A.B. asks: 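I am attaching a structure below and will ask some questions about it afterwards.
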Amino acid sequence: MQIFNSMTRKKEELKPIQPGKVGIYACGPTVYNFFHIGNARPFIVFDVLRRYLEHRGYEVTFVQNFTDIDDKMIKRAKEDGATVQDVADRFIREYFVDAQALGIRPATVHPRATEHIPQIIAIIETLLKKGLAYESAGDVYYRVKAFPEYGCLCGQNLEDLASGARVSVDEQKEDPLDFALWKAQKPGEPAWDSPWGPGRPGWHIECSAMSTTYLGDTFDIHCGGKDLLFPHHENEIAQTSGATGKPYVHYWMHNGFINIDNEKMSKSKGNFFTVRDIAKQYDLEAVRMFMLSAHYRSPVNFSRDMIEQAKSSLERLYIAREQLQFLLNAAGDGEPSEAEAAFLMECDKARVRFYEAMDDDMNTADALGALFELVREVHKLPQKGGCKKAIAQGLETLTSLAGVLGLLGKQEDAVSPEVEKMVAERAEARKNKDWKRSDELGDGITALGYFLSVTRGGQKVRKGV
RNA sequence: GGUGCCAUAGCCAAGCGGUAAGGCGAAGGUCUGCAAAACCUUUAUUCCCCGGUUCAAAUCCGGGUGGCACCUCCA
């Protein structure tokens, strides 16, 4: 598999440190609120990365952290009159609610920053010992100038960074570019004991501590949003490599942003959507579909219209699956017909094309194209006298490939007995050419969120996406 | 000022040297009591503009134009 490495800015063949195993660290949310649609993108696309690698036989250790201590956490706790930990516990729970609805699997490990204070302190101590950090009035800062490779990820040298810096000058720091590893406690803030007095960790150091705790000093893939490239990931490299003297990460992956009406989403612009809000109007699987319809590195524009489009195309996938299930139920034993043999070839072609797309830096848009070409083949299948073996194989191809994208997650909906009854009554009415009654029942069924279809195999009902 | 990214049909979006995937929408058709749904067909002689390289360019190079992002503890 080729992966675009932000460090080298090239596609590179993925060569895991240990054959057959891949370690991935993904920057997770700061749990001070419900997460928003922009947060959702990395969660979804890197969930797909993990699913795909597992699908291809890798054993994946996927680590995604929760940042449960920082300024925003403290602010939120004050507003709510709760402790920082209460806020964290609450929004971690809420994270899993939205994540599940988006088809995002729980990570192998979900470490919390506050549960790794000893590891954080250990790294800072090493950095101090090596002269890569200094203490200043209870704070500890990273000495950026002492790490020659600083800027290797973002491709900027120190001078350029300094000239463009909008960092406020802080007399505590030796250099404006230096960043906090440890912050001395301020009144009313939560704090942990440390060799430098009570305080809390800086943001960047958390990820260094958590990633290396679970994945080792050097691991395969680190991912996150493009905006984290600098300074967050740059700082992680400085901290971790600085402390260990080893390379930190082999492949850096960064997803592009989500814009709202071609503008950056931000609270100040008021174009800010939480996933929870969107869930009130849309099935979140459609949101996932939307995210995967473009390449993960390009920016995408979010709008109601885009979700509607994604919803319709998702529907098409479900209909194909349903058609295969319908054919499977009617199929018998025996050997595949000529048409089915051709269909099986198309299944193989779709799978190959799907893999090629995914191997090319996770081109989900192209992979989706392969899936839809398979969908068309499904509908070419004869309606009668199918062969169980062939249909089942087609169904397996469709669901397993869609499953790599985390799509088609919903099981076939059991139609409620109430609706079953209405369908039966409607069939009876139609037999008697009682069109009025038939229409009434039809409208009733539709109103309950079902689609009725009368042409193939008699009456069929299905639940809308 | 520094560093990058992008421009493909009404909309979304692949393709990145060999003659334009796919989805949504729209139009026509099949089916149907009429619809809806479903299925089928059609829907870019052309890829922002101008030059260049090449037998061959949406794809490479140069120059424009128009968008966007990072350099702020925003994914």
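Throughout, a chain's letter reflects where its sequence line sits, starting with A, and its residues are numbered from 1. This one's a predicted model, so the numbers in the text were calculated from it and none came from an experiment. Values below: every heavy atom of this structure, side chains too, minus hydrogens, waters and symmetry copies.
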A.B. asks: Find the partner of B/A13: check Watson-Crick (N1-N3 plus N6-O4 or O6-N4) and G-U wobble (N1-O2, O6-N3) distances, both under 3.5 Å, and reply none if neither fits.
C.D. replies: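 None - no nucleotide pairs with B/A13, as no candidate has both distances under 3.5 Å.
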A.B. asks: Mind calculating the distance between CD1 (A/I104) and P (B/A75) to the nearest angstrom?
C.D. replies: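 Between P of B/A75 and CD1 of A/I104: 14 Å.
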A.B. asks: Work out how far the P atom of B/U59 is from that of B/G52, and round it to whole angstrom.
C.D. replies: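 Here B/U59 and B/G52 have their P atoms 14 Å from each other.
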A.B. asks: P atom, B/A37 versus B/A26: distance in rounded Å?
C.D. replies: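 Taking atom P in both B/A37 and B/A26, they lie 9 Å apart.
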A.B. asks: Atom CZ of A/R41 to atom P of B/A69: distance rounded to whole Å?
C.D. replies: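 From A/R41 CZ to B/A69 P: 14 Å.
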A.B. asks: Could you give the CZ-to-P distance, from A/R426 to B/A37, as a whole number of Å?
C.D. replies: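 Rounding to the nearest Å, CZ of A/R426 and P of B/A37 are 14 Å apart.
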A.B. asks: Hey, does the side chain of A/T212 reach the backbone of A/S208 with a donor-acceptor pair shorter than 3.5 angstrom?
C.D. replies: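 Checking the backbone N and O of A/S208 against the side chain of A/T212, a donor-acceptor pair under 3.5 Å is found.
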A.B. asks: Output the rounded distance in Å from CG (A/L314) to C1' (B/G22).
C.D. replies: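 Rounded to the whole Å, the gap is 15 Å.
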A.B. asks: Is the aromatic ring of A/F372 within stacking range of B/G23, meaning centres under 5.5 angstrom and planes under 30 degrees?
C.D. replies: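 Not stacked by the 5.5 Å and 30° rule.
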A.B. asks: Nearest to the side chain of A/S438 - B/C70, B/G33, B/G22?
C.D. replies: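 Nearest nucleotide to the side chain: B/G33.
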A.B. asks: How is A/D227 classified with respect to the nucleic acid when contacts are heavy atoms under 4.0 Å: base, sugar-phosphate, or nothing?
C.D. replies: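 Base, at least one base heavy atom under 4.0 Å.
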A.B. asks: Starting from the 5' end of RNA chain B, give me the residue, A/E308 or A/A320, whose nearest nucleotide shows up first.
C.D. replies: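 Nearest-nucleotide comparison on RNA chain B picks A/E308.
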A.B. asks: When all nucleic acid strands are considered with a 4.0 Å heavy-atom cut-off, which category describes A/R376: base, sugar-phosphate, or nothing?
C.D. replies: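 The residue A/R376 makes sugar-phosphate contact but no base contact.
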A.B. asks: Of the candidate nucleotides B/U32, B/A75, B/C70, which contains the atom at the shortest distance from the side chain of A/K264?
C.D. replies: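 For A/K264, the side-chain atoms sit closest to B/C70.
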A.B. asks: Pick the nucleotide of RNA chain B nearest each of A/A180 and A/K436; which residue has the one closer to the 5' end?
C.D. replies: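 With A/A180 and A/K436 compared, the 5'-side residue is A/K436.
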A.B. asks: Can you see whether A/Y282 engages A/E308 through a side-chain donor-acceptor pair at a distance of less than 3.5 angstrom?
C.D. replies: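 Distance-only check passes for A/Y282 and A/E308.
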A.B. asks: Salt-bridge test for A/K436 and A/E440: reply yes if a basic N is under 4.0 Å from a carboxylate O, no otherwise.
C.D. replies: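 Judged by the 4.0 Å cut-off on N to carboxylate O distance, A/K436 and A/E440 do form a salt bridge.
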A.B. asks: Please name the nucleotide paired to B/C55 by Watson-Crick or G-U wobble geometry with both distances under 3.5 Å, or report none.
C.D. replies: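 Checking every strand shown, B/C55 finds its partner in B/G18, with both distances under 3.5 Å.
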A.B. asks: Who does B/U72 pair with, Watson-Crick or G-U, both distances under 3.5 Å?
C.D. replies: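 Check on B/U72: unpaired, no WC or wobble geometry under 3.5 Å.
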A.B. asks: Could you check which nucleotide pairs with B/U30 in any of the strands shown, counting Watson-Crick or G-U wobble with both distances under 3.5 Å?
C.D. replies: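 Pairing partner: B/A38.
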A.B. asks: Determine the interatomic distance between P on B/G18 and the same-named atom on B/A56; round to the nearest Å.
C.D. replies: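 It comes out at 15 Å once rounded to the nearest Å.
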A.B. asks: Between A/Y296, A/F35, A/F62, which is the residue that forms a ring pair (Phe, Tyr, Trp, His ring centres under 6.0 Å) with A/F43?
C.D. replies: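 In the set A/Y296, A/F35, A/F62, the residue that makes a ring pair (Phe, Tyr, Trp, His ring centres under 6.0 Å) with A/F43 is A/F35.
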A.B. asks: Mark this stacking check for A/F43 against B/A75 as yes or no, applying ring centres under 5.5 Å and ring planes under 30°.
C.D. replies: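 Here the ring of A/F43 and the base of B/A75 are not stacked, as the 5.5 Å and 30° limits are not both satisfied.
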A.B. asks: With rounding to the closest Å, how many angstrom separate the C1' atoms on B/C12 and B/C70?
C.D. replies: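 About 26 Å, rounded to a whole number of Å.
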A.B. asks: Under a 4.0 Å N-O cut-off, is there an ion pair linking A/E285 with A/R288?
C.D. replies: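 No, A/E285 and A/R288 are not salt-bridged.
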A.B. asks: Rounding to a whole Å, what distance do you find between A/D443:CG and B/C34:P?
C.D. replies: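 Those two atoms, CG and P, are 17 Å apart.
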A.B. asks: Classify the nucleic acid contact of A/F257 as base, sugar-phosphate or nothing, counting any heavy atom under 4.0 Å across all strands shown.
C.D. replies: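 If one applies the 4.0 Å heavy-atom cut-off, A/F257 turns out to touch a base.
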A.B. asks: Give me the distance, rounded to whole Å, that separates B/G63 from B/U53 when you measure between the C1' atoms they each carry.
C.D. replies: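 Comparing C1' positions in B/G63 and B/U53 gives a spacing of 15 Å.
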A.B. asks: By the 4.0 Å heavy-atom rule, please label A/P231 as base, sugar-phosphate, or nothing.
C.D. replies: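 Touches sugar-phosphate only.
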A.B. asks: Considering only atom C1', compute the distance from B/A44 to B/G4 and round it to an integer number of Å.
C.D. replies: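 Per the computed distance, 30 Å lies between those C1' atoms.
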A.B. asks: When you check every protein heavy atom under 4.0 Å of nucleotides 5-16 of chain B, what one-letter string (B, S, -) results, 5' to 3'?
C.D. replies: ------BSSSS-
A.B. asks: Which value, in whole Å, describes the distance between the C1' atoms of nucleotides B/A21 and B/U8?
C.D. replies: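 Their C1' atoms lie roughly 12 Å apart.
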A.B. asks: If I take atom NE2 in residue A/H254 and atom P in nucleotide B/C74, what distance separates them, rounded to the nearest angstrom?
C.D. replies: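 Those two atoms, NE2 and P, are 15 Å apart.
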A.B. asks: Side chain of A/T30, backbone of A/Y32: donor and acceptor closer than 3.5 Å?
C.D. replies: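 No, A/T30 side chain to A/Y32 backbone: no donor-acceptor pair under 3.5 Å.
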A.B. asks: Taking NZ, NE, NH1 and NH2 as the nitrogens, is one of them in A/D175 or A/R143 under 4.0 Å from a carboxylate oxygen of the other?
C.D. replies: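 Salt bridge: no.
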A.B. asks: Give a yes or no on whether a salt bridge exists between A/K11 and A/D360, defined as a side-chain N under 4.0 angstrom from a carboxylate O.
C.D. replies: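 Answer for the salt bridge query: yes.
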A.B. asks: Between B/A35, B/C70, B/G22, spot the one nearest the side chain of A/F230, thanks.
C.D. replies: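 The nucleotide sitting nearest to the side chain is B/C70.
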A.B. asks: For A/L407 and B/G23, what is the distance between atoms CG and P respectively, to the nearest whole Å?
C.D. replies: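 Between P of B/G23 and CG of A/L407: 15 Å.
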A.B. asks: Nearest to the side chain of A/E373 - B/A75, B/C39, B/G22?
C.D. replies: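 The answer is B/G22, which lies nearest to the side chain.
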A.B. asks: Under 4.0 Å between a side-chain nitrogen and a carboxylate oxygen: does that hold for A/E79 and A/K75?
C.D. replies: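 So A/E79 pairs with A/K75 through a salt bridge.
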A.B. asks: For atom C1', what is the distance between B/U19 and B/C47, given to the nearest Å?
C.D. replies: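 Looking at atom C1' only, B/U19 and B/C47 are 13 Å apart.
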A.B. asks: With a 3.5 angstrom cut-off on both distances, give the Watson-Crick or G-U wobble partner of B/A44, or none if there isn't one.
C.D. replies: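 B/A44 is unpaired by these criteria.
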A.B. asks: By nearest atom, which of the nucleotides B/A75, B/G23, B/U3 is closest to the A/R316 side chain?
C.D. replies: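 Nearest nucleotide to the side chain: B/G23.
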A.B. asks: Report yes or no: is there a donor-acceptor pair, N or O only, under 3.5 Å between the side chain of A/R9 and the base of B/G4?
C.D. replies: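 Check fails, no donor-acceptor contact within cut-off.
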A.B. asks: Could you identify the nucleotide paired to B/G66, looking across every strand shown and requiring Watson-Crick or G-U wobble geometry with both distances under 3.5 Å?
C.D. replies: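 In the structure as shown, B/G66 has B/C6 as its Watson-Crick or wobble partner.
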A.B. asks: Using a 4.0 Å heavy-atom cut-off, does A/I258 contact any base of the nucleic acid, only the sugar-phosphate backbone, or nothing at all?
C.D. replies: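 Touches a base.
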A.B. asks: I need the NE2-P distance between A/H233 and B/C70, as an integer number of Å.
C.D. replies: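 A/H233 atom NE2 is separated from B/C70 atom P by 14 Å.
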A.B. asks: Between A/D68 and A/R112, is there a side-chain N and carboxylate O pair less than 4.0 Å apart?
C.D. replies: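 Judged by the 4.0 Å cut-off on N to carboxylate O distance, A/D68 and A/R112 do form a salt bridge.
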